Every structure is written in structure tokens, then in C-alpha cells.
Amino acid sequence: MRRMSERTIRRAAVRLIRIQLPVLFLLCTMLIGITAGFLISSDSVTNRLSCGYNSAVIRENYEAPETFAKGESYTKEVSVRNEGSVPCYVRVFAEISRPEAREAIDVDFSTSDWSKMSDGYYYYSRVLNAGEESSPLFTTLTAKENISDFEMICYSESVQAYGFAGAKEAFEAIR
């Protein structure tokens, strides 16, 4: 094995310092510049987001008489108006509060646009667009007996129509 002279070792060290050190310095400088560029750069984007809402209210055309006389019919129109900003499905719970009064009053529920389901609600068969009003759920109350005191409960709910094939499916999704 041949020993390297001190002079040869010194020359190799000088070559190392002259070539590799500047390359190493250049690489470090580039990495610092790239890192700083990523940390300093920024972009901004303005996202515009608006939320729709649904709001359905019961509309009623009714003047309550003093008493309901047997055989007489009285106008009571109940419909639902979409006062929200998105199309929606609506359902209404409508029932006479006292059982004995239920037997004494006949309500002419519409079956063309409304369907009573097993949960007790009447579902409107069409999508109700913003600003639209449904056809009446019923229009007439007929007394089968004389009656003076009863209450007709009407309660409505709405759900956004987007993403659902029908009213029943839409209401089942929010349970």
C-alpha cells in the first residue's frame, strides 16, 4: 500500500474546498430561496355563498259562525303558501280536536292534490315553488249535527325539495 504524501493530501483538500464547498453553498442558497418563496407567497379568493330558506305558512279563508246547524255547509279554505326562497314540499296535519265534534262535522278533504299518509299528515303532491300557494286541502265543513264548540287544528311543515323524488321521501330524510 502506498502512502500518500502530505502534499497530495493537501492538494486533494484544496480541490475539495474549491469545488464542493461552492456547490454546497449554491444548493443551500437555492433551498433557502425556494422555502422562503413558499412561505411568503399567498393568494386570496372571495367565496360568495348564499343560503336559501323555506318557510311555509297556512293561509285560511274562514269566518266562524256562532253555531253549526245540522245539514248546513260552511266555507273554510285551508292552503299553504311557500314564503321561502327555495322550492319545497309541504305537509299539513288537520284534525278536529274533540272526538265527539269529529263525528258531528264532515270535512271535504281534497284527494286530487293531497294524500293522507299513515303518519296522519296530508302531503301535497307537487313541489311548491317560492311564492306559490297550494290548492286548498279542504274548502267546506258540513255539520251532521248541531254543534257550537269545536276547534279545527291545522299545522304545516315544509322541507326543501332539492334532492328528493317526492314529499314522503323528503320528510322521512329529516327524521
Side-chain angles (χ1 to χ4, degrees), residues 1-62 76-95 97 107 109-139 151-175:
M1 219 193 288
R2 217 169 145 206
R3 288 186 129 212
M4 290 177 69
S5 70
E6 206 173 297
R7 187 173 174 195
T8 307
I9 293 173
R10 196 175 286 154
R11 270 195 234 153
V14 169
R15 259 193 242 144
L16 179 68
I17 291 172
R18 283 187 184 164
I19 296 171
Q20 291 182 352
L21 199 55
V23 169
L24 184 62
F25 180 74
L26 182 63
L27 286 173
C28 288
T29 305
M30 286 175 43
L31 286 174
I32 290 171
I34 291 170
T35 304
F38 279 119
L39 295 175
I40 294 172
S41 72
S42 68
D43 287 333
S44 79
V45 175
T46 303
N47 290 325
R48 296 190 180 162
L49 180 67
S50 63
C51 296
Y53 67 96
N54 69 51
S55 173
V57 294
I58 291 179
R59 307 273 291 199
E60 185 176 40
N61 177 21
Y62 179 63
K76 180 174 174 89
E77 294 177 352
V78 173
S79 59
V80 180
R81 180 173 173 78
N82 180 359
E83 294 191 351
S85 63
V86 296
C88 65
Y89 289 112
V90 295
R91 68 181 180 179
V92 175
F93 179 82
E95 184 175 79
S97 61
V107 182
F109 288 103
S110 169
T111 56
S112 59
D113 292 329
W114 295 88
S115 301
K116 187 170 185 178
M117 299 294 180
S118 59
D119 59 4
Y121 283 89
Y122 290 87
Y123 287 77
Y124 192 57
S125 62
R126 301 179 194 169
V127 172
L128 203 56
N129 291 311
E132 287 184 344
E133 188 168 332
S134 71
S135 62
L137 173 59
F138 57 89
T139 56
E151 184 179 59
M152 181 79 181
I153 299 168
C154 293
Y155 165 77
S156 73
E157 294 180 344
S158 66
V159 65
Q160 182 175 325
Y162 178 76
F164 300 103
K168 186 78 170 164
E169 177 189 345
F171 282 101
E172 285 176 351
I174 61 171
R175 286 190 182 165

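All values derive from a computational prediction rather than experimental measurement.
With hydrogens and angles ignored, the 3.5 Å screen pairs no side-chain donor or acceptor of Ser79 with any backbone N or O of Ser135. Judged by distance alone, with hydrogens and angles left aside, the side-chain atoms of Ser125 form a donor-acceptor pair with the main-chain N or O of Asp113 at under 3.5 Å. Not one N or O on the side chain of Glu172 forms a donor-acceptor pair closer than 3.5 Å with the backbone of Glu169. Put simply, the side chain of Ser85 gets close to the backbone of Tyr53: a donor and an acceptor are under 3.5 Å apart.
A salt bridge links Glu133 with Arg59: the distance from a Lys NZ or Arg NE/NH1/NH2 to an Asp or Glu carboxylate oxygen falls below 4.0 Å.
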Practice task
Test side chain to side chain contact (heavy atoms under 4.5 Å, CB included) on Phe138 and Lys76 and set out the steps.
Solution key: CA-CA 7 Å; Phe138 57 89; Lys76 180 174 174 89; 3.8 Å; yes
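Rounding to the nearest 0.5 Å gives a distance of 10.5 Å between OH of Tyr122 and OG1 of Thr111. Here the SG-CE distance, from Cys154 to Met152, works out to 4.5 Å after rounding to the nearest 0.5 Å. Note that OH of Tyr124 and OG of Ser115 are 11.5 Å apart. Values are rounded to the nearest 0.5 Å. To the nearest 0.5 Å, atoms OG1 (Thr35) and CD1 (Ile40) are separated by 10.5 Å. Interatomic distance, Ile174 CD1 to Ser158 OG, rounded to the nearest 0.5 Å: 8.5 Å.
For Phe171 and Tyr89, the ring centers are positioned 6.0 Å apart or more. Tyr123 and Trp114 have their aromatic ring centers separated by at least 6.0 angstrom.
Two residues are said to be in side-chain contact when any heavy atoms from C-beta on lie closer than 4.5 Å; Val57 and Val80 fail this criterion. Side-chain atoms of Lys168 and Asp119, non-hydrogen and from C-beta on, do get closer than 4.5 Å to each other. Side chains of Asn129 and Asn82 form no contact here, defined as non-hydrogen atoms less than 4.5 Å apart.
For Tyr162, the OH atom sits in a loose shell: 12 or fewer heavy atoms of surrounding residues, nucleotides or ligands are nearer than 6.0 Å.
Legend: residues meeting side chain to side chain contact (heavy atoms under 4.5 Å, CB included) with Tyr155, ordered by chain and number and at least two apart, are Phe93, Tyr121, Glu157. Remark: Pro136 pairs with Thr139 by the side chain to side chain contact (heavy atoms under 4.5 Å, CB included) rule, at least two apart or across chains.
Shortest non-hydrogen contact noted between Leu128 and Arg81 is CD2-C, 4.4 Å.
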